[in-house]
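Every number for a ligand or one of its atoms is a count from 1 in the order of the listing.
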Amino acid sequence: MLAESCGVFGAKCLDGRCVFDLLYWGLVAQNHRGHESYGFLTCAEGFRRHVNVGLVPQIFGERYSRWRNFLQGSTGIAHVRYGTSGDRGSSSRLNDAQPLISSHGREKIGFAFNGNIVNVNELRSRLKASEGFEAGCDAAVLSKILVTSIDGGLTSGVERCMRDVEGAFSVVGLRPNGELFAFRDPLGIRPLSIGVSEDGAVNAFSSETVGLDINGLRFMDDVKPGEIVVFSRDGVERERLVKKDRSAFCAFEYAYFARPDSLLNGKYVFSVREEFGRNLGRRFRDVVEKSDVILSMPETAEDAAYGLHEETGLKWERILRRHRYVTQRAFILEPSERVSTIDKKVNIMNGRLKGKKVIVVDDSIVRGDTTRTVVRKLRRAGAEKVYLFITFPRITHPCFYGVDMATFTELIGFRFDEEGVAKHVGADGVFYQPLEDYVRATGMRFNELCLACVTGEYPTELAQKMADAAKASTDMDERRIYERAELTRLGGST
Ligand code: SF4
């Protein structure tokens, strides 16, 4: 199971109502995007901030009122985090929790971001001489670049970020004057949507549209790649600061990260996943014909399993169930904890698999721990054959843009071909959805998606150089590639 860097939310209430309700529910709806920490920042005669580690807590009654009273103001931003940079210790989780407040001279901004910076080492050393950082994560570097160049105006500060920073960044920010802004990197790698209330009194940004839905807001548009959007008392201003001839939206959002009821680039994620399942059925009909039943990994593979069932007519049984309140995401744990967590998370209804040949639909195989554990459980439950149908093509390269798979050696798809992966996880066969089928199902074109973890073709220059160098060195260095100084120097001065 994987973790992504973050989810963001921001809102401005022009009718003066308290923004906290919107922020709170905007985060609850997006908690799947980050389990390490959460935070709120509002603007009411100065900034008010509350951050903590863990999931967004369930608060109600008097406790809810206390939070609401403290986080006053009609404009605010909020954030859930899973760190793909910086230290993973628990004190740094709190230290790196966002939103951050960044200052420079008399300038101050509130800042929350989803993504990952590739040239972070170089930027950090360039800034270090003159500025301290508010935290150890990428967000602190990006926010510092912005706040130190904002005196020429917000737009010129954001322009500098887009020029100097290589990587994925979908940002929401807040200024002490109550201005709410958002911008997205020139390739639009991570999602960021704009919403509005029916009466026009509330404007909002959300990583996923589910953050708008839960608040009764209507999806209006996406923040475009390279665009800045500002909501102020005077209305909305939008400007496309950088326009490239391609975009690079993270293809993996469709298979795993986004909630099925979110809209990505005009399509509901569940409908894309159903199509993934239909594609698998069409491609691997021979395997379907020799199988007795379709199973699905809860919950990201359920829509694809439905599509597979619909296409082939093969029975789909929801024999694998999730223990609902085991909420740890296996990917963020230490390897030793990971397997036992997965074991506790997935339950198999016994007595229904004896002698059966099963197809298990899953969204991806990254390190193989989850898959191996589940296959072992299925064997114990009596399954005779286990075939794995995987919606995301084989992951062979690390990600530099906000998904925590940052070395070659951790990737089972880098170390083995299909047959080797099957052997390693104990399955009778692994069948990945072909890349062209995957892309077609999303409704996007190849040059609108990032597919680097599958193809090894990175949409940014330094990432490509670092991946090529790390691959060529074939070492077993387990540090994240973008945190290895000898590789990050490949970009020279940006
Ligand atoms: S490398 Fe893979 S996971 Fe990372 S942004 Fe690109 S498609 Fe998404």
Would you mind listing which atoms of ligand 1 come within a distance below 4.0 Å of any non-hydrogen atom of [X]?
X: Cys250; answer: 3 (S), 5 (S), 7 (S), 8 (Fe)
X: Phe252; answer: 3 (S), 8 (Fe)
X: Met405; answer: 3 (S)
X: Tyr401; answer: 5 (S)
X: Ala251; answer: 7 (S)

Which label fits [X] and [Y]: parallel for a plane angle under 30°, tilted from 30 to 60°, or perpendicular past 60°?
X: Phe389; Y: Phe431; answer: perpendicular
X: Tyr38; Y: Phe40; answer: perpendicular
X: Phe252; Y: Phe257; answer: perpendicular

Heavy-atom nearest neighbour in the protein, as seen from atom 3 (S) of ligand 1, with distance rounded to 0.1 Å: Val403 CG2, 3.6 Å
Protein heavy atom at shortest distance from atom 6 (Fe) of ligand 1: Cys450 SG, 2.3 Å
Side-chain ion pair, Glu299 and Arg322, N-O less than 4.0 Å: yes
Salt-bridge criterion met for Glu461 and Lys465 (N-O under 4.0 Å): yes
Minimum side-chain heavy-atom gap Tyr458-Pro398 below 4.5 Å: yes
Close side-chain approach of Glu311 and Arg282, heavy atoms under 4.5 Å: yes
N/O/S from Cys399 sitting under 2.8 Å away from atom 6 (Fe) of ligand 1: no
Part of Arg190 with heavy atoms under 4.0 Å of ligand 1, whether side chain, backbone, both or neither: side chain
Contact partition for His397 relative to ligand 1, non-hydrogen atoms under 4.0 Å: neither
Under 2.8 Å: N/O/S of Cys453 next to atom 2 (Fe) of ligand 1: yes
Nearest non-hydrogen partners of Gly76 and Leu23, listed with the distance: O-CD2, 3.5 Å
